[in-house]
Amino acid sequence: MAEAPLSPNTMFSSSHTSVMLDHICSSILSMDIIRDIEKAWKEGKLLEVVSVVRKTAETVSRMPVSIAVTGESGNGMSSFINALRRLQHEDEASAPIGVVKTTQTRGSYSSFHFPNVVLWDLPGMETTAQSLENYLNEMQFSQYDLFIIIASEQFSMNHVKLAKAIEGMGKRFYVVWTKLDRDFSTSALSNEKILQNIQENIKENLQNEGVKEPPTFLVSNFDPSLHDFPKLRNTLRIDISKIRCHSVQKIIFTICENIINESVTSLLKKIDTGGFQDVLGIQDPNNLGDCLKSYRLFFGVDDKSLKQVAQSIGKSVEEYTNIVKSQDAQTYHQESSTLSWIGNITVFYLCIGLSYIPYYGNSAAKYLNYMEQRRLLESVAKDTKTILRKVLEDFINLDEVH
């Protein structure tokens with residue numbers, strides 16, 4: 001009895017995906033949003049996936065972000081956190097400050113000026129550990145989304161080591177010089193020259209260790225309305241938004257990637273049984289053009305769908321079609337012909353020797369066609385992931401512009 005043809009509406013089992021994602025995503029995206037993404041993708045509707053992403057804007061704005069304020073003790077880290085929160089040192093909710101090493105353990109603070117952001121006041125790196133590695137582990141650096149390295153008087157090797165370690169983690173960081181008022185009052189140089197010297201010193205020390213120059217802000221903790229403080233606030237708000245958007249982007253891609261993988265696994269099982277005529281309604285398994293068209297339609301990356309997605313984001317459809325490797329069956333067949341044929345025929349005769357050929361009997365032609373189907377399906381699935389990643393990136397970039 002022939003199996004019913006598959007369609008983009010065929011629902012694949014996603015129990016494994018759902019269990020895995022419950023733990024990863026439930027604190028960021030609601031399960032309703034996750035189910036909407038799963039449903040849209042399983043129906044081959046890439047445009048619906050984009051629509052669901054748009055609906056996550058409110059959720060994204062509530063996603064928590066952790067920012068670590070670190071450096072050497074005495075540089076004004078706690079004072080900086082109070083200034084950023086627009087609090088006076090005597091306010092009840094302010095971070096404790098003093099002339100001695102006040103912060104001995106991590107402290108966390110919030111501010112209505114930066115909703116759903118946790119500011120972590122870390123002890124100076126020389127107060128808790130003898131090595132950088134111990135400090136990074138003890139202060140749990142892997143949990144933070146962004147770092148602010150505080151410096152004053154000098155930009156020391158400790159500061160450079162912190163910057164290099166954070167850069168190595170692939171995370172964004174700032175350098176903030178916090179006691180500009182004291183520098184102005186104690187130096188005979190002009191204010192402009194002082195600013196120039198500080199910037200050049202920070203840049204030179206980082207470059208000597210191969211660290212890319214980060215955003216650098218020169219401020220006074222005593223007056224957060226002057227110097228680079230307003231610029232720092234604006235930059236921080238933009239980066240918080242980017243962190244939230246890119247975190248959600250990564251989660252959505254993971255959800256869709258798992259669905260794509262499950263779909264490929266299910267389709268390959270059907271191809272393995274030899275029911276080519278029934279898979280996706282394909283009538284002629286020897287016609288790779290028809291097979292390619294069906295696969296792209298199934299995954300929602302056919303030309304019509306890509307055009308709709310491009311229009312919805314304000315991009316040209318060529319930006320998506322140009323990155324598709326499996327656009328043309330003839331080109332695909334030529335690129336995978338000689339070497340792949342040799343490999344496939346070798347495997348075929350090896351299987352004969354082992355008396356294992358799924359349903360093909362001794363027909364090398366049928367087996368080679370089967371392998372072509374596998375490669376074509378896997379190629380379309382790979383293209384689908386590439387397109388999905390670009391769609392999400394384009395959408396996030398568009399959202400940041402607005």
Side-chain angles (χ1 to χ4, degrees), residues 66-84 95 97-107 119-189 191 193-221 227-229 231-232 235-236 239:
S66 293
I67 300 175
V69 179
T70 183
E72 291 183 331
S73 61
N75 285 168
M77 292 181 286
S78 299
S79 296
F80 169 76
I81 288 178
N82 290 336
L84 189 63
I97 64 170
V99 294
V100 296
K101 298 175 181 178
T102 308
T103 302
Q104 301 295 325
T105 59
R106 294 191 310 159
L119 296 167
W120 290 89
D121 188 5
L122 306 188
M125 64 175 295
E126 78 285 356
T127 67
T128 61
Q130 296 301 313
S131 72
L132 175 63
E133 183 178 358
N134 289 338
Y135 181 75
L136 300 181
N137 291 332
E138 189 175 346
M139 295 299 109
Q140 302 177 34
F141 264 45
S142 60
Q143 80 170 40
Y144 308 115
D145 302 297
L146 187 146
F147 296 81
I148 299 177
I149 299 176
I150 302 297
S152 64
E153 297 185 47
Q154 64 171 338
F155 193 74
S156 71
M157 184 52 63
N158 279 339
H159 294 116
V160 176
K161 289 179 179 178
L162 282 171
K164 192 169 185 177
I166 295 168
E167 184 181 70
M169 296 167 63
K171 296 193 177 183
R172 187 165 173 79
F173 68 96
Y174 307 156
V175 171
V176 177
W177 188 274
T178 57
K179 299 181 180 180
L180 201 54
D181 55 297
R182 186 188 60 185
D183 298 319
F184 287 164
S185 63
T186 58
S187 175
L189 299 175
N191 290 353
K193 187 62 177 177
I194 292 172
L195 294 174
Q196 180 183 347
N197 287 348
I198 294 172
Q199 290 277 14
E200 289 179 351
N201 177 255
I202 294 172
K203 181 178 181 179
E204 180 180 355
N205 279 286
L206 290 174
Q207 285 183 341
N208 288 341
E209 292 298 320
V211 180
K212 294 180 181 179
E213 186 177 4
T216 302
F217 305 94
L218 312 184
V219 305
S220 168
N221 287 340
H227 312 301
D228 287 340
F229 230 123
K231 180 182 176 182
L232 166 61
T235 304
L236 190 56
D239 281 338

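Side-chain atoms of His159 and Asn205 form no donor-acceptor pair, as typed in the model, at a separation below 3.5 Å. Under the 3.5 Å distance criterion, with hydrogens and angles disregarded, no donor-acceptor pair is assigned to the side chains of Thr235 and Tyr174.
For the pair Leu195/Gln199, no side-chain contact is recorded, criterion being any heavy-atom separation below 4.5 Å from C-beta on. When side chains are defined from C-beta on, Trp177 does not count as touching Asn75, because their heavy atoms never get closer than 4.5 Å. Side-chain contact between Leu84 and Val69 is absent, with no heavy-atom pair separated by less than 4.5 Å. By the 4.5 Å heavy-atom criterion applied to side chains, Asn158 and Tyr135 are not counted as neighbours. Put simply, the side chain of Leu180 does not reach to within 4.5 Å of the side chain of Asp228, judged on heavy atoms.
Remark: Glu133 CD is loosely packed, at most 12 non-hydrogen atoms of other residues, nucleotides or ligands lying under 6.0 Å away. Around atom NZ of Lys161, no more than 12 heavy atoms belonging to other residues, nucleotides or ligands sit under 6.0 Å away.
Of the inter-residue distances, the one linking Leu136 atom CG with Met125 atom CE reads 7.0 Å to the nearest 0.5 angstrom. Taking OG of Ser79 as the start and CG of Asp121 as the end, the distance is 9.5 Å to the nearest 0.5 Å. Once rounded to the nearest 0.5 Å, the distance linking NZ of Lys203 with CZ of Phe155 reads 13.5 Å. In this structure, Asp183 CG and Leu189 CG are separated by 10.5 Å, a value rounded to the nearest 0.5 Å. Here the CD1 atom belonging to Ile150 is positioned 13.0 Å from the OG atom belonging to Ser73, to the nearest 0.5 angstrom. Note that the CD1 atom of Ile202 and the CD1 atom of Ile149 stand 10.0 Å from one another [nearest 0.5 Å].
Thr178 places no side-chain N or O within 3.5 Å of a backbone atom of Met77 that could act as its donor or acceptor partner. A distance-only check finds a donor-acceptor pair linking the side chain of Asp145 to the backbone of Ser66 [under 3.5 Å]. Under the 3.5 Å distance criterion, the side-chain polar atoms of Asn201 are left unmatched by any main-chain donor or acceptor of Asn197. Between the side chain of Tyr144 and the main chain of Lys171, no donor-acceptor pair closer than 3.5 Å is present. A donor-acceptor contact shorter than 3.5 Å links the side chain of Thr216 to the backbone of Pro214. Under a 3.5 Å cut-off, the side chain of Ser187 and the backbone N or O of Phe184 do not form any donor-acceptor pair.
Nearest heavy atom pair, residue Glu72 against residue Ser156, reads OE2-OG, 3.0 Å. What you find for Lys212 and Phe173 is that their closest heavy atoms are O-CZ, 4.4 Å. When all heavy atoms of His227 and Val219 are compared, the closest pair comes out as CB-CA, 4.3 Å. Considering all non-hydrogen atoms of both residues, Ser152 and Gly74 come closest at OG-O, 4.1 Å.
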query = Going through the distances and angles, do Phe80 and Leu232 end up as a side-chain contact (heavy atoms from CB on, under 4.5 Å)?
reply = CA-CA 12 Å; Phe80 169 76; Leu232 166 61; 3.5 Å; yes

ask   = side-chain contact (heavy atoms from CB on, under 4.5 Å) between Met139 and Thr70: does it pass, once the steps are laid out?
value = CA-CA 10 Å; Met139 295 299 109; Thr70 183; over 6 Å; no

key: From CA spacing to verdict: side-chain contact (heavy atoms from CB on, under 4.5 Å), Phe147, Leu162   = CA-CA 10 Å; Phe147 296 81; Leu162 282 171; over 6 Å; no

task = Could you check Phe141 against Leu122 for side-chain contact (heavy atoms from CB on, under 4.5 Å), going step by step and ending with a plain yes or no?
result = CA-CA 10 Å; Phe141 264 45; Leu122 306 188; 3.6 Å; yes

